[in-house]
Chemist: 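Pasting a structure here, questions to come.
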Amino acid sequence: MIISKPFTAWDINGNMDKTKLLNKTTRSFLSYAIVILLASAPVFYYISEWLYVYETDEVLIFHKQDFVKNSRSNFSEAELQAWNKYNHNIEIVPDMGIQKDSIVGISIFDSTSQEKEPFRILYAPVTLNGKKYTYIEKSNLVEMEGMVISIALMFLCIIFVLFIGIIYISRASAVKIWKPFYDTLHKIRAFEIDKNREPHFVPTDIAEFDSLNKSIEKLIEKNTSIYQSQREFVENAAHELQTPLTLFQTKVDILAQSEGLSDEATTLIDSLNQDIARMNRLNKNLLLLSKITNDSYLEKARININILLEKNLDFFKEQGASKNLSIELDLQRSMYLTTNTTLAEVLINNLFMNAIRHNLPNGNIYISTDDRQLIFANSGSQSLEHPEKLFNRFSKENPSSQGNGLGLAIIKQIVEINGWDINYLYKHELHYFVISFQ
Amino acid sequence: MKILLIEDEPGIVKSINDYFKSNGVHCENVTTTSDALDRIGIYEYDCILLDLMLPDGDGFDILKELKRLHKTEGVIIISAKETLQTRIEGFQLGADDYLTKPFHLSELLVRMQALIRRKNFQGNNLIVFNEIAVDVMAKTVMVHQNTLDITKKELDLLLYLIGNQNKVLSKSAIAEHLSGDMADMLDNHDFVYAHIKNLKKKLTTAGADDYIKTVYGLGYKWQHG
């Protein structure tokens, strides 16, 4: 069980500290019990003390009555002295002017225990042989202290055992009762709409949780179907665009065959061709992105990244030739990955493409692989202004660039579905893209 | 040369027709699966161009029927669908090539020529254009019986140009053809110029006429005389 903070408070960000529901119910139980205990302990103490004193006083009165009853009223003077001599607690002294029985509580120094002890002392008028005397009897309350403490301790023990029991039982039952809730919570947390798994909740006999589960199931079902149709829409739209694009392309091809085209017209046709190519690329990239999220590339194989890097090297060298780029490979050792071959190729090609497109004339491209990393670095005069937006779809640092702003988004998507990591940094006039395969 | 074009989009049909006609290809068109099945049952074609998405069904049915009838016609699928599964399924059902929409007409034409060449292969596979002879199998080029030292790319370019003779070929079409699967990764077409220049030089120094004409701003054309 997670130990939460002892009390609920607002932190500096205004977020409330969260307490587990289990702890919260137990906590109210506990606070109630502590208040009752604290309040009842002194009351209990005083009541038991009062009871003891009351009982002691009754015993004193009883002793006196017993003294009178057992016809000690005919005590002689000598007997009285002997009585006083051998009775430590009871003394018969000449009349002190006491009219009726009175009991006082007093602390007297006790020679045995070498300290002051609480005593109850009874002063009572008695008549012996027709002469008035005062009967004094004292009773030590010292045992009372010990007794009250033992009782209090016992009481505490019982309360403690009771507490533990209450806490344990309430927790255990709460854990059991809330189990479906935490199960649901756990499953919702693990749920991702772009993955094709809908959570299945464990059936529960608690009406509220059952209704909660059903509501969530309905919500997820609805959202998933909305998401699904949204995703299909992108895919269908991209597919549907291919027919008009084909019409466009073939008609431009026919147009190019026309006799007597002016230089202006041929230049226009060429730029139309480039526009179609760009549209086609955009369309294909959209389709690719939607297919990646659609789990269309699940088949995995063991591939050597270095071979992939070298596979299309000539093509990219040719592409970089117009900028007079030099491409340097530093492949430490064969790096094998288990992943989808098509996507791995798309990843590498897009990295190459990015490094060529955003390079400087006479720039460099450095590609290196080591143990668990693939690094692409290309020349660049300055760091990106918004590196945080780099991997967003359609985000372009340079609006005039040829790219469609999907290349890096595709890279990011491929990296993500493989559970890898990509980082961008700018150092020594180079843009670095570091992919860590963990 | 007679081909069957199974495609329901009239604009595409017209463009293909127009482009192929002057290169000696006769194009018959059907727009539905049932019409296509009727035609292939009766006639023989040099090649069949097949769109997979047809109004009354799946293009794969036509492939199955061709297989059932033991037809030997080469089939090129031209489709907007581009998944590995449809490709594999298409090839397994007997298709010979797969061209994804959109495409350049010049690309479709050379692919068709190559397919027909493969199907009709009888010992030699020689393409002759005046003094130039290309042996497709041996991948050699001869000018006046002298073998040329030519790269793979240049040979590919030469076949593409001759196949599309008298047609204006845009730089992007040439670049895409030469790049093959990597066409989507093209950033610029500047490399086309270098390949054209080298090929031209090799051909003319070997004594061939200069057939490669430059079309200002647009591209090149293989032209006789």
Side-chain angles (χ1 to χ4, degrees), chain A residues 238-258 261-274 276-277 279-281 283-285 287-288 291 296-297 299 312 314-316 318-323 342 345-346 349-350 352-353 356-357 402-403, chain B residues 7-19 22 51 53 78-85 100-109 153 164 166-173 175-176 178-195 215-219 221:
Chain A
H239 267 309
E240 286 309 312
L241 270 172
Q242 272 168 317
T243 302
L245 269 175
T246 313
L247 283 167
F248 195 0
Q249 179 71 80
T250 52
K251 282 175 185 173
V252 169
D253 282 351
I254 296 290
L255 180 64
Q257 311 309 324
S258 311
L261 288 174
S262 67
D263 287 357
E264 207 181 336
T266 52
T267 316
L268 261 174
I269 291 171
D270 181 57
S271 74
L272 275 178
N273 267 323
Q274 287 176 28
I276 298 167
M279 255 194 283
N280 187 25
R281 257 203 306 273
N283 207 32
K284 280 191 173 161
N285 282 344
L287 206 55
L288 179 67
K291 276 194 211 159
S296 297
Y297 299 99
E299 265 170 60
N312 293 314
D314 288 339
F315 173 82
F316 288 113
E318 204 165 49
Q319 285 291 299
S322 64
K323 274 187 183 167
T342 314
E345 243 186 286
V346 170
N349 290 346
N350 275 291
F352 261 118
M353 189 75 168
I356 291 169
R357 192 169 277 164
Q402 267 275 312
Chain B
E7 162 71 66
D8 62 324
E9 184 60 51
I12 297 173
V13 172
K14 187 179 182 304
S15 295
I16 292 176
N17 246 323
D18 288 354
Y19 193 89
S22 52
D51 182 11
M53 284 187 275
I78 42 173
S79 171
K81 261 194 211 165
E82 207 213 355
T83 64
L84 201 59
Q85 287 101 306
T100 317
K101 288 179 180 177
F103 51 82
H104 283 285
L105 293 169
S106 51
E107 182 68 31
L108 180 61
L109 182 59
K153 272 254 164 80
N164 283 287
N166 298 316
K167 288 281 189 291
V168 177
L169 299 168
S170 62
K171 276 175 283 180
S172 38
E176 282 167 33
L178 293 180
S179 305
D181 291 340
M182 295 299 285
D184 291 338
M185 289 287 144
L186 280 172
D187 193 42
N188 65 72
H189 305 142
D190 298 351
F191 68 99
V192 170
Y193 172 73
H195 285 305
V215 181
Y216 179 85
L218 180 53
K221 187 177 186 179

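In the text below, chain A, chain B and the rest are named by the order of the sequence lines, each starting its count at 1.
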Chemist: How about NZ on B:Lys14, more than 12 heavy atoms from neighbouring residues, nucleotides or ligands closer than 6.0 Å, or not?
Modeler: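 No, because the 6.0 Å sphere around NZ of B:Lys14 holds 12 heavy atoms or fewer from other groups.
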Chemist: If I measure from the heavy atoms of chain A, does B:Gln85 come under 4.5 Å with its side chain, its backbone, both, or neither?
Modeler: neither
Chemist: Tell me, side chain or backbone of A:Asn350 under 4.5 Å from chain B's heavy atoms, or both, or neither?
Modeler: both
Chemist: Could you go step by step and tell me if B:Glu9 and A:Thr246 meet the side chain to side chain contact (heavy atoms under 4.5 Å, CB included) rule?
Modeler: CA-CA 10 Å; B:Glu9 184 60 51; A:Thr246 313; over 6 Å; no
Chemist: Side chains of A:Glu318 and B:His195: does their closest heavy-atom pair fall under 4.5 Å?
Modeler: yes
Chemist: Restricting to non-hydrogen atoms, name the atom on A:Ile254 and the atom on B:Leu105 that form the minimum distance, rounded to 0.1 Å.
Modeler: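 It is CD1-CD1, 3.6 Å.
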Chemist: Is there a side-chain contact between A:Phe315 and B:Ser179, using heavy atoms and a 4.5 Å cut-off?
Modeler: yes
Chemist: Which answer fits B:Ser22, side chain, backbone, both or neither, if we ask what part of it has an atom under 4.5 Å from a heavy atom of chain A?
Modeler: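 No part of B:Ser22 comes within 4.5 Å of chain A.
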Chemist: So what's closer than 4.5 Å to chain B heavy atoms on A:Phe316: side chain, backbone, both or neither?
Modeler: side chain
Chemist: Where on A:Asn349 is there a heavy atom nearer than 4.5 Å to chain B: the side chain, the backbone, both, or neither?
Modeler: both
Chemist: I need the full list of salt bridge (charged side-chain N to carboxylate O under 4.0 Å, His left out) pairs touching residues 240-257 of chain A, with sequence neighbours left out, sorted by first then second residue.
Modeler: none
Chemist: Say you draw a straight line from OG1 of A:Thr243 to NZ of B:Lys101; how long is it, rounded to the nearest 0.5 Å?
Modeler: 5.0 Å
Chemist: For the atom pair CD (A:Glu345) and CE (B:Met182), what is the distance rounded to the nearest 0.5 Å?
Modeler: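 Rounded to the nearest 0.5 Å, the CD-CE separation comes out at 7.5 Å.
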Chemist: What are the two closest non-hydrogen atoms of B:Leu186 and A:Arg357, and how far apart are they?
Modeler: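 Smallest interatomic distance, heavy atoms only, reads O-NH2, 4.2 Å.
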Chemist: Find the one option among A:Leu247, A:Thr267, A:Leu241 whose heavy-atom pairs under 4.5 Å with chain B are most numerous.
Modeler: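 Heavy-atom pairs under 4.5 Å are most numerous for A:Leu247.
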Chemist: Is A:Ala256 close to chain B through its backbone or its side chain, or both, or neither, when contacts mean heavy atoms under 4.5 Å?
Modeler: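 Looking at A:Ala256, backbone and side chain both touch chain B.
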Chemist: Testing the basics here: between A:Arg281 and B:Asp184, what is the closest heavy-atom pair and its distance to 0.1 Å?
Modeler: CD-O, 2.9 Å
Chemist: Rounded to the nearest 0.5 Å, what's the gap from CG on A:Asn280 to CZ on B:Phe103? Could you check?
Modeler: 11.5 Å
Chemist: How far does CG of A:Leu272 sit from OG of B:Ser170, to the nearest 0.5 angstrom?
Modeler: 10.5 Å
Chemist: Non-hydrogen atoms of chain B under 4.5 Å away: do they reach the side chain of A:Lys291, the backbone, both or neither?
Modeler: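 For A:Lys291, the side chain is the part near chain B, not the backbone.
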Chemist: Chain B: which of A:Gln249, A:His239, A:Met279 shares the most heavy-atom pairs with it under 4.5 Å?
Modeler: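 So the answer, after comparing A:Gln249, A:His239, A:Met279, is A:Gln249.
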Chemist: Considering only heavy atoms and a distance below 4.5 Å, find which of A:Gln257, A:Met353, A:Gln242 pairs most often with chain B.
Modeler: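 Max contact count across the listed options: A:Gln257.
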Chemist: If I compare all heavy atoms of B:Gly217 with all of A:Asp270, which pair ends up nearest, and what's the gap?
Modeler: O-CB, 3.0 Å
Chemist: Can you tell me which portion of A:Asn312 sits under 4.5 Å from chain B's heavy atoms? Options are side chain, backbone, both or neither.
Modeler: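 The side chain, not the backbone.
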Chemist: As an exercise: rank B:Asp190, B:Asn188, B:Leu108, B:Val215 by heavy-atom pairs under 4.5 Å with chain A and give me the winner.
Modeler: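 Max contact count across the listed options: B:Asn188.
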Chemist: With side chain to side chain contact (heavy atoms under 4.5 Å, CB included) as the test, would you mind laying out the steps for B:Leu218 and A:Asn273 before giving the verdict?
Modeler: CA-CA 9 Å; B:Leu218 180 53; A:Asn273 267 323; 4.1 Å; yes
